[in-house]
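See below for the structure under consideration.
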Amino acid sequence: MLPSQVRSGLKANLEAIAGMRTYELIPTVPVAPAAIVGQLDFTFDLNNARGLDQANLDVVVLVQRFTERAGQNELDKYLAGSGDYSIKAAIESDLTLGGACSTLRVTSAEAGNYSSGDIEFLSYRYRITVYG
């Protein structure tokens, strides 16, 4: 399982969401709305002799803070478990990421803020577990 292929596969899955900018590398200054695929943390050899590895990573989804209500309403549509704007549904639309892994699972989404330079965004941090 190569990290670059996992990131590329996640980016491809997320591009199905209309209007969402996707980044497979962490940008210096993101343009919202955006989904940023983070770096992978690996656990090797879950099964005998290189039989299975596990990677955990975050995808951060962020929107502008025009007003708290408008920003939160936009962010909430991405939190839905299904539908055209669902981050979870988009990520899990191809569980093998085009053959980059065996399977994956979105395990959680955590609300927060994201700062880039002087810009503050509203965000959700989606935690993903990948096996391969």
Side-chain angles (χ1 to χ4, degrees):
M1 180 167 54
L2 294 174
S4 60
Q5 291 177 350
V6 171
R7 287 192 307 269
S8 293
L10 286 167
K11 180 181 187 293
N13 284 4
L14 288 162
E15 287 174 340
I17 298 175
M20 176 68 66
R21 289 171 189 83
T22 58
Y23 299 91
E24 64 186 284
L25 301 173
I26 299 169
T28 303
V29 180
V31 178
I36 303 168
V37 179
Q39 297 173 321
L40 284 73
D41 298 321
F42 271 87
T43 302
F44 297 107
D45 304 328
L46 290 177
N47 198 353
N48 299 338
R50 301 289 310 129
L52 181 67
D53 295 334
Q54 174 184 313
N56 293 301
L57 72 145
D58 295 331
V59 170
V60 177
V61 174
L62 50 92
V63 299
Q64 291 281 1
R65 291 185 76 130
F66 297 117
T67 67
E68 283 78 12
R69 181 173 304 280
Q72 191 62 55
N73 287 343
E74 184 174 356
L75 194 58
D76 285 350
K77 73 181 180 183
Y78 299 121
L79 187 60
S82 61
D84 293 340
Y85 293 97
S86 170
I87 297 295
K88 178 177 172 48
I91 289 172
E92 293 180 345
S93 65
D94 174 5
L95 294 175
T96 68
L97 303 175
C101 65
S102 298
T103 193
L104 65 85
R105 184 172 160 244
V106 177
T107 59
S108 64
E110 180 181 325
N113 294 303
Y114 184 93
S115 297
S116 179
D118 293 335
I119 304 170
E120 185 83 12
F121 299 94
L122 293 175
S123 68
Y124 274 111
R125 182 176 303 274
Y126 290 79
R127 191 71 176 155
I128 301 156
T129 302
V130 181
Y131 297 95

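In this structure the side chain of Tyr124 reaches within 4.5 angstrom of the side chain of Leu79, judged on heavy atoms. For the pair Glu74 and Pro33, the minimum side-chain heavy-atom distance is below 4.5 Å.
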Residues 108-118, side-chain donor-acceptor partners within the protein, below 3.5 Å, at least two apart:
| residue | atom | partner | partner atom | Å |
| --- | --- | --- | --- | --- |
| Asn113 | OD1 | Arg65 | NH1 | 3.0 |
| Ser115 | OG | Glu120 | OE1 | 2.6 |
| Ser116 | OG | Thr28 | O | 2.8 |

Throw together a table of side-chain donor-acceptor distances under 3.5 angstrom for residues 97-106, partners on residues two or more places apart or in other chains.
none

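The shortest heavy-atom contact between Ala32 and Gln64 is CB-N, 3.8 Å. Across all their heavy atoms, Ala89 and Ser82 have their closest contact at CB-CA, 4.2 Å. Nearest approach of Arg127 to Asn56, heavy atoms of both residues: NH2-CB, 3.2 Å. Listed here is the closest heavy atom pair of Tyr126 and Tyr78: OH-O, 3.1 Å. In plain terms, the two heavy atoms of Asn13 and Ile91 that are nearest each other are ND2-O, 2.8 Å. The minimum heavy-atom distance linking Ile36 with Pro27 is given by the pair CG2-CD, 3.8 Å.
Remark: Asp45 engages Arg50 in a salt bridge (Lys or Arg N to Asp or Glu O under 4.0 Å) (not counting sequence neighbours). For Gln5, the side-chain hydrogen bond (donor to acceptor under 3.5 Å, both in side chains) criterion is met by no residue, not counting sequence neighbours. Evaluation of the side-chain contact (heavy atoms from CB on, under 4.5 Å) rule for Leu46 yields Thr43, Leu52, Gln54, Tyr131 as partners, not counting sequence neighbours. Under the side-chain hydrogen bond (donor to acceptor under 3.5 Å, both in side chains) criterion, Asn73 pairs with no residue, sequence neighbours left out. For Ala90, the side-chain contact (heavy atoms from CB on, under 4.5 Å) partners are Leu14, Ile17, not counting sequence neighbours. When the side-chain contact (heavy atoms from CB on, under 4.5 Å) test is applied to Arg125, the partners found at least two apart in sequence or on another chain are Asp58, Val60. For the side-chain hydrogen bond (donor to acceptor under 3.5 Å, both in side chains) test, no residue two or more places apart in sequence or in another chain qualifies with Ser93.
Within the structure, salt bridge (Lys or Arg N to Asp or Glu O under 4.0 Å) pairs that include any residue of residues 15-40 comprise Lys11-Glu15 (at least two apart or interchain). Sequence neighbours left out, the pairs with a member in residues 77-93 that pass salt bridge (Lys or Arg N to Asp or Glu O under 4.0 Å) are Lys88-Glu92. For residues 23-48, every residue pair satisfying the ring-ring contact (aromatic ring centres under 6.0 Å, His included) rule, not counting sequence neighbours, is listed here: Phe42-Phe44.
Two different hydrophobic clusters hold Val31 and Val63 under the rule that ILVMFWY side chains link at heavy-atom gaps under 4.5 Å. There is no path of hydrophobic side-chain contacts, each under 4.5 Å, that joins Leu62 to Leu75. In this structure, Met20 is not a member of the same hydrophobic cluster as Phe121, with clusters built from ILVMFWY side-chain heavy atoms closer than 4.5 Å.
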Worksheet entry | Step-by-step side-chain contact (heavy atoms from CB on, under 4.5 Å) determination, Leu10 to Leu57 | CA-CA 11 Å; Leu10 286 167; Leu57 72 145; 3.5 Å; yes
